[in-house]
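In the text below, chain A, chain B and the rest are named by the order of the sequence lines, each starting its count at 1. In this text the structure is predicted, and so the values were computed from the model without any measurement.
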There are 2 protein chains.
Amino acid sequence: MAPETEPGSEPAAQPDTRPEMEIVHLLRAVAVELGLHSARFASRNRMHATDVRALIALMDARRAGEEMTAGRLGAALGLNSAGTTALLDRLEGAGHVRRVRGAADRRKVVVEVEEGAVELGRSFFGPLIERSVELLRGYDDHQLAAIRGFLGGVRQAAAAEQSPAPSPSRSSAPPAGRSPRDT
Amino acid sequence: MAPETEPGSEPAAQPDTRPEMEIVHLLRAVAVELGLHSARFASRNRMHATDVRALIALMDARRAGEEMTAGRLGAALGLNSAGTTALLDRLEGAGHVRRVRGAADRRKVVVEVEEGAVELGRSFFGPLIERSVELLRGYDDHQLAAIRGFLGGVRQAAAAEQSPAPSPSRSSAPPAGRSPRDT
DNA sequence: AGCGAATATCTCGCTCGACGAGATAATAGG
DNA sequence: CCTATTATCTCGTCGAGCGAGATATTCGCT
């Protein structure tokens, strides 16, 4: 039967000592640490987690050359329209973004990141990115392939995990596990 | 002048095309995906992000054979005592944990995870962990060392990052980073 | 053109997680 | 024992995000 490990205490299922677990926990630790890093950036600039996620989404879009509308941003963050409006009010009030009426479709509100916010982000996340690149330079192609493969595999596993309906998955993953959307 | 990339649009600083950036972004994507995975677990079980983090902290402690008190848990999550009490009320109400008065020090409240919650977590995160282990088995020691090294390095970089404590700007930016703690 | 349906965002009222301040209970020290 | 300290809980409040619905703009159909 199950061996007791701590008399007088919980069963405390034995730990799973496979050597691979070390890396699995390490990955989780990195994810947590990156989250805390963002949180630090947030509170340091009087923002909340959502605001930071929004800025990142906006910069990603900018980098990709696409314009980000209020609706798309809200969808990307899993917020409904009311929450999105509140988010934009906050970001705009803080001077991080600017609302611009859509040129083609004037119902839309295109959200543009202020140069200052970009700079703010770069100054905070830049060093971490540089350090990461530096670390990666120390590995050969065989190793880089492993890192890529492992991260890509975990990402897929975490993303695809138990989805009952294997319907056409849009290119950039929908809100996942969430879809408040109104209207 | 900086070369224009998109006429009629923002300056949109050019993308940083270094090949290492692919992995950097991949790591970020994994972190995001793991976060969403937890969020999925949370909403599927009518919990919030904090509740899941709490359960994880509790199970980590359990695995390490330490007992987790209300105070230590709150500190680990960055909650103040009021928030911690509310959190425990929620978790206990949902039947995921149990409050037990400290045996030695009866002021303390030891939080114990119910077996059902452990099972719930295992059934949700288990497959992802198994898949990760499986992926890792496909690499040789040289590659595993790279994965470990990279993740460990990024973790350190994200954790240690800039904390020079410039000047205690009390009233305006108190929570800075972490440790609300009251008392 | 003209009108109703669809779409994009905003406004209002509410819920609930988290905070600050302080109350209560138990322990440790002299 | 009496006081300082520690651990948790209670109470009142703030604010992020939700649901419902209002408003503005565009699209499709006849």
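- Look at CG on B:Leu87: it is 13 Å from P on D:dT8, rounded to the nearest Å.
- If you measure from atom CZ of B:Arg46 to atom P of C:dC16, you get 13 Å, rounded to the nearest angstrom.
- As a whole-Å value, the separation of A:Leu79 CG from C:dT9 P is 13 Å.
- Judged as a salt bridge (Lys or Arg N to Asp or Glu O under 4.0 Å), the pairs with a partner in residues 21-35 of chain A (not counting sequence neighbours) are, in order, A:Glu22-B:Arg148, A:Arg28-B:Asp60.
- Across all strands shown, B:Ala86 has no heavy atoms under 4.0 Å from either base or sugar-phosphate atoms.
- If you take CG of A:Asp89 and C1' of C:dT11, they are 10 Å apart, rounded to a whole angstrom.
- Residue B:Arg99 is the one, among A:Thr84 and B:Arg99, whose nearest nucleotide of DNA chain D lies closer to the 5' end (criterion: closest heavy atom).
- Salt bridge B:Glu134/B:Arg131: present, at least one basic N to carboxylate O contact under 4.0 Å.
- Checked by atom type, the side-chain pair A:His48/A:Arg53 shows no donor-acceptor distance below 3.5 Å.
- A:Asp140 is linked by a side chain to side chain contact (heavy atoms under 4.5 Å, CB included) to A:His142, A:Gln143, B:His142, counting only residues two or more places apart in sequence or in another chain.
- Pairs engaging residues 75-84 of chain B under the salt bridge (Lys or Arg N to Asp or Glu O under 4.0 Å) rule: none recorded [sequence neighbours left out].
- For residues 48-58 of chain A, proximity to DNA chain D is found at A:His48, A:Thr50, defined as any non-hydrogen atom under 4.0 angstrom from a strand atom.
- To the nearest angstrom, P of D:dT8 lies 9 Å from CG of B:Leu88.
- Close to D:dG17, at under 4.0 Å from its OP1 or OP2, lies no side-chain N or O of A:Asn80.
- As a whole-Å value, the separation of A:Met68 CE from C:dT9 P is 11 Å.
- Considering only residues two or more places apart in sequence or on other chains, A:Ala70 meets the side chain to side chain contact (heavy atoms under 4.5 Å, CB included) condition with A:Thr84, A:Leu88, A:Val109.
- Shown here are the side-chain hydrogen bond (donor to acceptor under 3.5 Å, both in side chains) partners of A:Arg99, two or more places apart in sequence or in another chain: A:Asp89, A:Glu92.
- Taking only side-chain nitrogens and oxygens, A:Arg90 comes nearer than 4.0 Å to OP1 or OP2 of D:dG17.
- Atom pair A:Lys108:NZ and D:dT25:C1' shows a separation of 12 Å (rounding to whole Å applied).
- Between C:dC12, D:dA7, D:dC9, one nucleotide has an atom nearer to the side chain of A:Ala82 than all others, and that is C:dC12.
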Sort me out a list of protein N/O and nucleotides 27-29 of chain C N/O pairs below 3.5 Å, or just none if empty.
unit_1: C:dT27; atom_1: OP1; unit_2: B:Arg106; atom_2: N; d: 3.3

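- Scored by the ring-ring contact (aromatic ring centres under 6.0 Å, His included) test, B:Phe41 finds B:Phe124, B:Phe125 as partners (sequence neighbours excluded).
- Following rounding to the nearest Å, B:Met47 (CE) and C:dG17 (C1') show an atom-to-atom distance of 15 Å.
- Qualifying side-chain hydrogen bond (donor to acceptor under 3.5 Å, both in side chains) partners for A:Asn45, counting only residues two or more places apart in sequence or in other chains: none.
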